[in-house]
Each structure stands twice: as structure tokens, then as C-alpha cells.
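Here's the structure, in C-alpha cells; my notes come after.
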There are 2 protein chains.
Amino acid sequence: MDQPARTPRQIGAALQRRRKLLGVSQEDLGSRVQLRQSTISKLEGGDPGTKLSTLLDTLAGLGLEFVIRERSKDQPDIEDLF
Amino acid sequence: MDQPARTPRQIGAALQRRRKLLGVSQEDLGSRVQLRQSTISKLEGGDPGTKLSTLLDTLAGLGLEFVIRERSKDQPDIEDLF
DNA sequence: CGTCAATATACGCTAAAGCGTATAATGTTG
DNA sequence: CAACATTATACGCTTTAGCGTATATTGACG
């Protein structure tokens with residue numbers, strides 16, 4: 001159930017999935033971690049310019065964390081292949 | 001061997017460890033992924049303002065990837081506890 | 001369909017990333 | 001210690017994130 005995330009879009013999608021699973025709105029999450037709703041929206045949308053701090057705060061706010069591991073060759077590299 | 005990374009500093013440290021393990025300089029890595037040596041330096045130093053794209057490019061350049069998982073309670077949250 | 005919640009966008013403003021280019025501060029080795 | 005490599009900083013410049021505030025879109029539901 002751990003998701004590899006190599007692109008901003010994959011990360012955004014994972015965050016959104018989790019948020020919805022928790023049944024919380026961008027607004028709620030935003031006020032929880034001191035970020036604007038619009039910022040969360042951009043992040044979930046896969047904005048590559050998002051600041052690391054913003055991402056980490058949001059992750060934490062959703063009860064998630066990053067793990068760094070060696071790149072597994074199996075997954076398609078081309079990303080977002082649809 | 002997979003490292004949880006909850007803060008910019010932890011991430012920077014992990015990247016640096018990996019880079020040294022590969023025996024490559026910041027300069028080499030930088031030209032490899034189209035980033036300046038100074039940028040890599042800041043990233044490894046734990047700059048929270050680093051752009052997501054910069055981080056992901058660097059990770060890829062080092063043959064690493066992120067995995068998103070549920071926050072494990074065991075690790076100390078206070079971070080960088082030394 | 002109407003209504004209210006939720007999300008995507010917009011605009012002016014401030015702060016700062018990363019660039020290009022250099023140089024200081026450290027490391028590393030012979 | 002000398003000489004070279006590596007890494008940390010610096011400065012001006014351009015671009016953009018996120019803020020604050022607001023609104024346009026879209027979604028869910030009675």
C-alpha cells in the first residue's frame with residue numbers, strides 16, 4: 001500500500017487520495033497545517049514548484065511520511081502514462 | 001535500509017549519504033540533472049524552500065525514489081534529535 | 001433544478017529559489 | 001605544507017510560491 005512517487009503529479013494524487021480517505025476538505029487540511037486552500041489545490045494538482053516545506057507539512061497533516069529508497073526498476077518511468 | 005524522511009534536513013542528509021556512496025561530486029551530480037552545484041549544496045544542507053522539482057530531479061539522479069506511506073509512530077517526531 | 005459545499009483560479013504583494021558567475025572556506029593527498 | 005578538488009557563500013537578475021482576499025467552476029444532494 002506504500003506508493004512510489006517520482007513525479008509531482010503522482011505525489012499530488014497520493015495526497016488527494018489520502019485526504020479524501022480521511023474525509024477532510026482542502027480548507028480543513030489547510031487551516032490544520034497553516035496553508036491556504038489554494039495552495040493545497042495546487043499541490044494536489046501536481047505543481048512542481050511547490051516548496052519542500054509545504055509538501056512535508058501537508059504530508060504530516062495527513063498522517064503520512066516519505067521514505068527514501070533505491071529506485072525500483074519495475075515501475076514504468078515514463079510516469080502518468082495515460 | 002529505506003529511510004523515513006520527515007524534514008528537509010533528513011532528506012538532505014540522505015541525499016548526501018547516497019551521493020558520497022556513489023562517489024560523485026555535487027558538481028557532477030548537478031550537471032547530470034541540470035542543477036547548479038550551489039543548488040545541490042543547499043538541498044543537502046536541508047533548505048526547506050527547495051522546489052519539489054529540484055528535489056525529485058536530484059533523487060532520480062542518484063537512483064533514488066520516494067515512497068509515501070503512513071506515518072510510523074515509532075520514530076521520534078522531534079527530529080534531528082542531536 | 002436550486003442550493004450550499006468544495007475546489008480551481010485570479011490579482012497584487014512580498015519573499016526567496018535557482019540561474020550565471022565567482023570566490024571563500026574546507027578537504028584531501030602527495 | 002603545497003597544490004588541487006570539493007563544497008559553502010555571495011550578488012544581481014528573473015521567475016514564481018504562497019499570502020490575503022475573492023470569485024468562478026464544479027460537485028453533491030434534497
Side-chain angles (χ1 to χ4, degrees), chain A residues 3 5-66 68 70-71 79-82, chain B residues 3 5-66 68 70-71 79-82:
Chain A
Q3 337 218 15
R6 298 181 177 174
T7 67
R9 295 194 42 181
Q10 285 189 327
I11 292 175
L15 293 182
Q16 185 171 72
R17 250 193 312 281
R18 171 70 168 185
R19 180 178 59 77
K20 289 188 171 168
L21 192 127
L22 296 182
V24 68
S25 71
Q26 293 180 340
E27 184 72 44
D28 294 340
L29 176 57
S31 65
R32 225 176 182 317
V33 296
Q34 236 39 331
L35 289 172
R36 321 211 75 280
Q37 175 263 318
S38 63
T39 302
I40 306 281
S41 175
K42 277 184 68 182
L43 172 53
E44 289 187 354
D47 179 3
T50 304
K51 285 190 204 163
L52 178 53
S53 58
T54 296
L55 173 57
L56 291 178
D57 289 349
T58 303
L59 264 185
L62 291 171
L64 296 174
E65 72 182 358
F66 269 141
I68 299 180
E70 227 168 293
R71 218 168 162 85
E79 264 329 302
D80 299 9
L81 30 63
F82 45 83
Chain B
Q3 337 219 12
R6 299 181 176 174
T7 67
R9 295 192 42 181
Q10 284 187 326
I11 292 175
L15 292 182
Q16 185 170 73
R17 251 194 312 281
R18 171 69 168 185
R19 179 177 60 77
K20 287 186 172 166
L21 191 127
L22 296 182
V24 68
S25 70
Q26 295 180 339
E27 184 72 43
D28 294 339
L29 176 56
S31 63
R32 226 175 182 315
V33 296
Q34 231 47 325
L35 289 172
R36 321 211 82 285
Q37 176 263 319
S38 62
T39 300
I40 306 280
S41 176
K42 277 185 69 183
L43 172 54
E44 289 187 355
D47 179 2
T50 304
K51 285 190 203 162
L52 177 53
S53 59
T54 296
L55 173 56
L56 291 177
D57 289 349
T58 304
L59 264 186
L62 291 170
L64 297 174
E65 71 181 357
F66 270 142
I68 299 181
E70 228 168 293
R71 219 167 160 87
E79 263 328 302
D80 299 8
L81 31 62
F82 45 85

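The chains referred to below are lettered A, B, ... by the order of the sequence lines, with proteins before strands, and numbering in each begins at 1.
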* Ignoring hydrogens and angles, state whether a donor on the side chain of B:Q26 or B:Q37 is under 3.5 Å from an acceptor on the partner side chain. => yes
* Structure fact -> Terminal axes of the helix from C:dC1-D:dG30 to C:dG30-D:dC1 (5 end pairs apiece), angle rounded to 10 degrees, sit apart by 70°
* Atom pair distance, as rounded to whole Å: CG in A:L55 and C1' in D:dA17 -> 14 Å
* Nearest-Å distance, CG (A:L56) to C1' (D:dA17)? -> 16 Å
* Structure fact -> Interatomic distance, CD@A:Q34 vs CG@A:D57, rounded to 0.5 Å, equals 9.0 Å
* Asked: So how far is it from B:L55 CG to B:D47 CG, rounded to the nearest 0.5 Å?
  -> 11.0 Å
* Derivation and outcome, side-chain contact (heavy atoms from CB on, under 4.5 Å), residues B:L56 and A:I11 -> CA-CA 11 Å; B:L56 291 177; A:I11 292 175; 4.2 Å; yes
* So which of A:R9, A:R17, A:R18, A:R19 actually passes salt bridge (charged side-chain N to carboxylate O under 4.0 Å, His left out) with A:E44? -> A:R19
* **Protein-to-nucleotide contact annotation, 5' to 3' order, nucleotides 3-9 of chain D [B base; S sugar-phosphate only; - none; under 4.0 Å, heavy atom]** => ----BBB
* Structure fact -> Interatomic distance, CG@A:L62 vs CD@A:Q16, rounded to 0.5 Å, equals 11.0 Å
* To do: Hey, could you give me the NZ/CG distance between A:K51 and B:L52, rounded to the nearest 0.5 Å?
  => 13.5 Å
* **Ion pair check, A:R71 and B:E65, cut-off under 4.0 Å** => no
* Structure fact -> Here the gap from B:L64 atom CG to B:T58 atom OG1, rounded to the nearest 0.5 Å, amounts to 10.0 Å
* 5' to 3' contact window, DNA chain C with chain B (heavy-atom distance under 4.0 Å) -> C:dA17 to C:dT21
* Which value, rounded to the nearest 0.5 Å, describes the distance between A:Q3 atom CD and A:L15 atom CG? -> 9.5 Å
